[in-house]
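Letters A, B, ... mirror the listed sequences (proteins, then strands); counts begin at 1.
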Amino acid sequence: MVKEIERTGITVAHMCTVVPISVTVGANRIIPTVAIPYPLGDPTLPPEDEKELRRKLVKQALVALCTEVDEQTVF
Amino acid sequence: MSNARIVHYINQFYAGIGGEDKADHPPEKRDGFVGPGMAINAGLGDAGHIVGTVFCGDGYFNEHDDAPAQVLEMIKSYAPDIVVVGPGFNAGRYGMACGAVAKLVDEKLGIPVVGGLYEENPGLEIYKRHAYFVSVGDSAATMRKAVPDIVAILKKIIAGEEVTEGFFPKGLRKNYFSDTRGSRRAVDMLLKKIANEEFVTEYPMPVFDRVAPPPAVKDMRTARIALVSSGGPVPKGNPDRIESSSASKYGAYSLANITDFTPDNGETAHGGYDPVYANLDLDRVLPVDVIKELVAEGEIGSLHEYWYSTVGNGTSVANSVAFAKDFALRLNEDNVSCVILTST
């Protein structure tokens, strides 16, 4: 899906936990996440800390989207 | 080699430990065969037997850096002649684990590895050079066909025969002597090509389907962003009945009235991971709460009204391509310049 969206000219940040899969499918901007069942959270943290963690990861994705890359890059 | 010692690697599901709720099960070993090893062991007859089975939760294996080394130590403890992994069918994390185990065994123990993966399993592309992976179906329903194919390769290895077919090419080059020299063969091929006749290349070119990275977003404060996920986030009740695996459709859902996911307005349709955490707070899969805040704070220009979701669990590449082509049109019509796509 990442590739088909990018084929139309839209820039994609792929947030996922198993980075090698993302590399294999051809994502260009990859942001490693926390765990497979909760990529953007961590149920062991208090809610405020968990949200802060999510915010940090999303901001990392925004940085990736605003960064020129000429090859597959893991942020 | 006769009466070969075989160690079998499987996941928590095939070991009978449990489903996705047990995907965080740490590595463990048991003497003899477990689960699908029974049929493999029976198929081998006197040629060999499974001396031990090592298993690990798929989540644990992919999320813990030390898991592969632990698994390798357990495999080593049985002093095997051959290691069997899977079959992993089209299970993404299981296929990755089978591949990673194959690589370790190949590199550290230097003994043959036999496994089975579906042709679209990502583990195959990454690890195919480290094992004889036979082609298996996309689900466990094809186990009965997979076992004889795996056994056939095992028997050849045990008999000391060269294994030349019945598995995905490893991508390794092998030297051989030809009666005609290279220039002659090349000209022959060229003449056939000119005459529109069939010919077989000696060096197939790899097919890389890569998309060049689109340009960076110039200014996030004016950009329009959209959210997409293969982790199956859907409104509570899964209104479109997106399948928990091998999805045949995707859903488009409005974010107009959602600023934060709760157990009452969102859940996951995905059947390939433990859904407990996502069902309690779907922001863990689709970060709507944070995105809405960042839009309100002006850090992001605006948000496309819909999120697009499917279940990437055993879903074919052809279906995924078709889904994305379809909703990418809608994204372009709405002048979306960037997407955050989350996967589980």
Side-chain angles (χ1 to χ4, degrees), chain A residues 1-45 47 50-73, chain B residues 20 23 59 62-63 92-93 96 122 125-126 209-220 223 225-226 228 230-231 273-278 280-281 283-287 289-291 293-294 299-300 310 312 320-321 323-325 327-329 331-332 336-344:
Chain A
M1 292 206 291
V2 174
K3 264 191 310 205
E4 294 312 313
I5 299 168
E6 290 210 322
R7 241 186 260 283
T8 71
I10 295 174
T11 310
V12 179
H14 190 206
M15 307 191 74
C16 62
T17 302
V18 190
V19 172
I21 293 185
S22 180
V23 172
T24 308
V25 301
N28 286 313
R29 293 172 171 88
I30 302 165
I31 297 89
T33 52
V34 179
I36 293 159
Y38 38 88
L40 288 152
D42 184 347
T44 65
L45 295 177
E50 185 181 16
K51 191 165 175 189
E52 194 48 44
L53 169 72
R54 178 155 57 246
R55 198 179 161 92
K56 227 174 79 188
L57 286 165
V58 168
K59 288 192 98 167
Q60 184 71 8
L62 299 184
V63 168
L65 289 168
C66 293
T67 306
E68 295 290 354
V69 303
D70 48 20
E71 56 181 1
Q72 291 186 291
T73 308
Chain B
E20 283 307 327
N62 282 284
E63 290 169 3
R93 288 168 303 151
M96 290 294 284
E125 184 59 34
I126 301 175
D209 179 27
R210 286 286 182 257
V211 177
V217 174
K218 295 262 177 319
D219 181 8
M220 194 52 78
I225 203 167
V228 177
S230 66
Y273 63 88
D274 187 346
V276 169
Y277 313 102
L280 282 173
D281 184 359
D283 293 305
R284 289 167 173 158
V285 174
L286 201 74
D289 57 349
V290 166
I291 290 283
E293 279 181 14
L294 290 168
E299 297 234 9
I300 298 172
T310 191
S320 310
V321 166
F323 301 161
K325 275 195 168 144
F327 62 70
L329 285 176
L331 296 175
N332 277 286
V336 169
S337 63
C338 54
V339 161
I340 287 180
L341 194 155
T342 63
S343 291
T344 47

CE of A:Met1 to NZ of B:Lys325, rounded to nearest 0.5 Å, is 14.0 Å
Can you confirm whether A:Ile5 sits close enough to B:Phe327 that some side-chain heavy atom of one is under 4.5 Å from a side-chain heavy atom of the other?
yes
Between B:Val285 and A:Pro39, is any pair of side-chain heavy atoms under 4.5 Å apart?
yes
Side-chain heavy-atom pair B:Leu294, A:Leu62 within 4.5 angstrom cut-off:
yes
Would you say B:Pro213 and A:Arg29 make side-chain contact, with heavy atoms under 4.5 Å?
yes
Sidechain N-carboxylate O distance under 4.0 Å for A:Arg54, B:Glu293:
no
Side-chain contact, heavy-atom cut-off 4.5 Å: B:Thr344 with A:Thr17?
no
Criterion salt bridge (charged side-chain N to carboxylate O under 4.0 Å, His left out) on A:Lys51 and B:Asp281, from CA distance to verdict
CA-CA 11 Å; A:Lys51 191 165 175 189; B:Asp281 184 359; over 6 Å; no
Per-residue contact mode, B:Ser337 against chain A (heavy atom under 4.5 angstrom):
backbone
Is there a donor-acceptor pair under 3.5 Å between the side chain of A:Glu4 and the backbone N or O of B:Ala324?
no
Answer with side chain, backbone, both or neither: which region of A:Ala35 has an atom nearer than 4.5 Å to a non-hydrogen atom of chain B?
both
For A:Arg7 against B:Asp209, the heavy-atom pair lying closest together
NH2-OD2, 3.1 Å
At a 4.5 Å cut-off on heavy atoms, which part of A:Val2 comes close to chain B: side chain, backbone, both, or neither?
both
Hey, what do you get for CG (B:Asp289) to CG (A:Leu40), rounding to the nearest 0.5 Å?
9.5 Å
State, to 0.1 Å, how close A:Thr24 and B:Pro122 come at their nearest heavy-atom pair, and which atoms those are.
CG2-O, 4.5 Å
Heavy-atom pairs under 4.5 Å with chain B are the metric here; pick the option from A:Val12, A:Leu65, A:Asp70 that has the most.
A:Leu65
Taking the side chain as everything from C-beta on, heavy atoms only, tell me whether A:Thr33 gets closer than 4.5 Å to B:Thr342.
no
Who wins among A:Pro47, A:Ala64, A:Pro43, A:Cys16 for the most heavy-atom pairs under 4.5 Å with chain B?
A:Pro43
If only atom types and distance count, is the side chain of A:Asn28 paired as donor or acceptor with the main-chain N or O of B:Val211 below 3.5 Å?
yes
Report which part of B:Asn332 has an atom under 4.5 Å of a heavy atom belonging to chain A: side chain, backbone, both, or neither.
both
For B:Pro215 and A:Glu68, the nearest pair of non-hydrogen atoms, with its separation, is CA-OE1, 3.7 Å
For a 4.5 angstrom cut-off between non-hydrogen side-chain atoms, does B:Ser343 reach A:Met15?
no
B:Leu280 versus chain A, heavy atoms under 4.5 Å apart: side chain, backbone, both or neither?
neither
Could you tell me which of A:Gly26, A:Ala61, A:Gly41, A:Ala13 has the largest number of non-hydrogen atom pairs under 4.5 Å with chain B?
A:Ala13
Quick one: are B:Val339 and A:Thr11 in side-chain contact, heavy atoms under 4.5 Å?
no
To the nearest 0.5 Å, tell me how far A:Ile36 CD1 sits from B:Tyr277 OH.
12.0 Å
Side chain / backbone / both / neither for B:Leu329 at chain A, heavy atoms under 4.5 Å
neither
Between chain B and each of A:Val69, A:Ile31, A:Leu53, count heavy-atom pairs under 4.5 Å; write down the option with the most.
A:Val69
Engaged part of B:Ala223 at the chain A interface, taking heavy atoms whose separation is under 4.5 Å
neither
Taking side chain as everything from C-beta outward and backbone as N, CA, C, O, which of these in B:Ser230 sits under 4.5 Å from a heavy atom of chain A? Side chain, backbone, both or neither.
both
A:Val34 versus chain B, heavy atoms under 4.5 Å apart: side chain, backbone, both or neither?
neither
In short, B:Pro214 meets A:Gly9 closest at the heavy-atom pair CB-O, 3.9 Å
Determine the minimum heavy-atom distance between A:Cys66 and B:Met220, stating which atoms define it.
SG-CE, 3.7 Å
Counting only non-hydrogen atoms closer than 4.5 Å, does A:Thr8 touch chain B with its backbone (N, CA, C, O), its side chain (CB onward), both, or neither?
both
State whether A:Arg55 and B:Asp283 are salt-bridged, where the test is any N-O pair (Lys NZ or Arg NE/NH1/NH2 against Asp/Glu carboxylate O) under 4.0 Å.
no
Against chain B, label A:Glu50 side chain, backbone, both or neither, depending on which of its atoms sit under 4.5 Å from a heavy atom there.
side chain
Check whether B:Ile340 gets within reach of chain A through its side chain, its backbone, both or neither, counting any heavy atom under 4.5 Å.
both
Looking only at A:Pro20, A:Ala27, A:Ser22, most heavy-atom pairs under 4.5 Å shared with chain B are made by A:Pro20
